[in-house]
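Just the heavy atoms: all of them, side chains too, but no hydrogens, waters or symmetry mates, feed the values below.
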Amino acid sequence: MTLRTIARNVRAARVRAALSQEELSRRSQVSKGTLVALENMQGNPSLATLVRLADALGLAVSALLRGAPRQPVRVISAEAAPPLWTGGQGGEARLLLTTPTSAPVEVWRWRLQPDEEYTSQAHQAGVVETVSVTAGRMTLIVDGTEHPVRAGQSAIFHGDAPHSYRGAGTGACSLIMTVHLPPGPASPA
């Protein structure tokens, strides 16, 4: 993923949606200065910034990261997907893939250390998330309510409320998260 690719995709999606930088800034709650810098290939956008922009544009985050057109079958190693979030204690989140459909599904691999937390803003209406813990324990917090989830368990929730993922227990927590986006405008392949 390069800043050039992100800049090109954000600008193209904004133009396709017939939005000015001011309007996209307002809808996404990303400052106009940050948006202008990003479109000019400056800065280092955070995962939260990319999520806000994607939500405001009705796209999957991966649509902003996507480079050249895809082949009919792609095999992707987890290591080839760069971390889009890194925690202060060694946790990370990698966007492994997104289905190329009108209602895309993003597949993420997360690792959280004990007490390490990632907080997400509420997504657009219709977003549904799942978390499946493969090792360790976590606390899923949705709209202020805590839900413990341990290895072998999964949780499903509507992502249009503020939510957080926090490592629990004494060891690292590994999980697979899916983000099911509502049908939207077709994104370029």
Side-chain angles (χ1 to χ4, degrees), residues 1-70 81-88 91-108 110 117-131 140-144 157-166 177-189:
M1 157 187 77
T2 68
L3 184 57
R4 179 181 308 255
T5 299
I6 295 170
R8 183 189 71 231
N9 290 341
V10 167
R11 182 170 178 13
R14 181 179 61 76
V15 169
R16 269 193 315 276
L19 297 175
S20 66
Q21 288 177 325
E22 292 84 5
E23 182 61 15
L24 180 55
S25 171
R26 186 189 68 73
R27 289 183 185 189
S28 65
Q29 297 179 344
V30 169
S31 75
K32 182 180 175 195
T34 298
L35 180 58
V36 168
L38 175 59
E39 287 191 6
N40 288 320
M41 295 180 276
Q42 299 169 346
N44 185 18
S46 69
L47 175 58
T49 297
L50 294 176
V51 168
R52 285 184 180 125
L53 290 170
D55 279 352
L57 292 164
L59 300 172
V61 171
S62 63
L64 301 180
L65 307 173
R66 192 172 298 142
R70 297 198 164 132
L84 294 179
W85 172 81
T86 52
E92 66 178 25
R94 294 175 187 256
L95 176 57
L96 301 178
L97 62 94
T98 302
T99 59
T101 59
S102 64
V105 176
E106 298 175 345
V107 179
W108 294 77
W110 284 75
E117 186 168 331
Y118 175 78
T119 300
S120 178
Q121 70 173 28
H123 300 300
Q124 63 181 309
V127 171
V128 175
E129 293 192 25
T130 67
V131 291
L140 171 64
I141 305 153
V142 179
D143 210 14
F157 62 97
H158 293 277
D160 57 359
H163 50 282
S164 302
Y165 319 101
R166 183 173 59 228
M177 177 182 73
T178 61
V179 180
H180 303 256
L181 296 135
S187 39

State the CD-OH distance between E129 and Y165, to the nearest 0.5 angstrom. 3.5 Å
Could you check whether any side-chain heavy atom of W110 comes within less than 4.5 Å of a side-chain heavy atom of R94, counting everything from C-beta outward? no
Verify, without hydrogens or angle tests, whether S120 (side chain) and S164 (backbone) share a donor-acceptor contact under 3.5 angstrom. no
Would you mind reporting whether Q124 and P182 have side-chain heavy atoms less than 4.5 Å apart? yes
How would you list, by chain and number, every residue that makes a side chain to side chain donor-acceptor pair (under 3.5 Å) with T49, sequence neighbours excluded? S46
Would you say that V10 contacts L35 through its side chain, given a criterion of any heavy-atom pair below 4.5 Å between the two side chains? yes
Could you measure the distance from the OG atom of S62 to the CG atom of L96? Nearest 0.5 Å is fine. 11.5 Å
Spatial distance of atom CG (N9) from atom CG (L53) [nearest 0.5 Å]: 11.5 Å
Is the H163-H123 ring centre distance short of 6.0 angstrom? yes
Would a 4.5 Å heavy-atom cut-off, applied to side chains only, mark I6 and M41 as touching? no
Would you say the side chain of I141 lies within less than 4.5 Å of the side chain of R166, judging by non-hydrogen atoms? yes
Between T178 and E106, does the side chain to side chain contact (heavy atoms under 4.5 Å, CB included) criterion hold? Intermediate values first, please. CA-CA 5 Å; T178 61; E106 298 175 345; over 6 Å; no
Is it true that, when you exclude H180 itself, more than 12 heavy atoms of the residues, nucleotides or ligands shown sit nearer than 6.0 Å to its NE2? yes
Testing the basics here: between A122 and D55, what is the closest heavy-atom pair and its distance to 0.1 Å? O-OD2, 4.1 Å
Short question: side chain of S28, backbone of L24 - any donor-acceptor pair under 3.5 Å? yes
4.5 Å side-chain heavy-atom contact, D160 and V127: no
Are L84 and L65 close enough that some pair of their side-chain heavy atoms sits under 4.5 Å apart? yes
Can V131 and L140 be said to form a side chain to side chain contact (heavy atoms under 4.5 Å, CB included), step by step? CA-CA 9 Å; V131 291; L140 171 64; 4.3 Å; yes
For the pair Y118 and W85, name the ring-plane relationship: parallel under 30°, tilted 30 to 60°, perpendicular over 60°. perpendicular
Rounded to the nearest 0.5 angstrom, the CG-NE2 distance for D143 and H158 is 12.5 Å
Carboxylate-amine/guanidinium proximity below 4.0 Å for E23 and R27: yes
Working to the nearest 0.5 angstrom, can you tell me the gap between R8 CZ and L3 CG? 11.5 Å
Side-chain ion pair, R14 and E39, N-O less than 4.0 Å: yes
Counting N and O atoms only, with roles assigned by atom type, does the side chain of S25 sit under 3.5 Å from a partner on the main chain of K32, one being a donor and the other an acceptor? yes
Measuring from atom CG of L57 to atom CG of L19, what distance do you get when rounded to the nearest 0.5 angstrom? 6.5 Å
Chi angles and distances behind the side chain to side chain contact (heavy atoms under 4.5 Å, CB included) call for M177, T130: CA-CA 5 Å; M177 177 182 73; T130 67; 5.7 Å; no
For A103 and T99, the nearest pair of non-hydrogen atoms, with its separation, is O-OG1, 4.3 Å
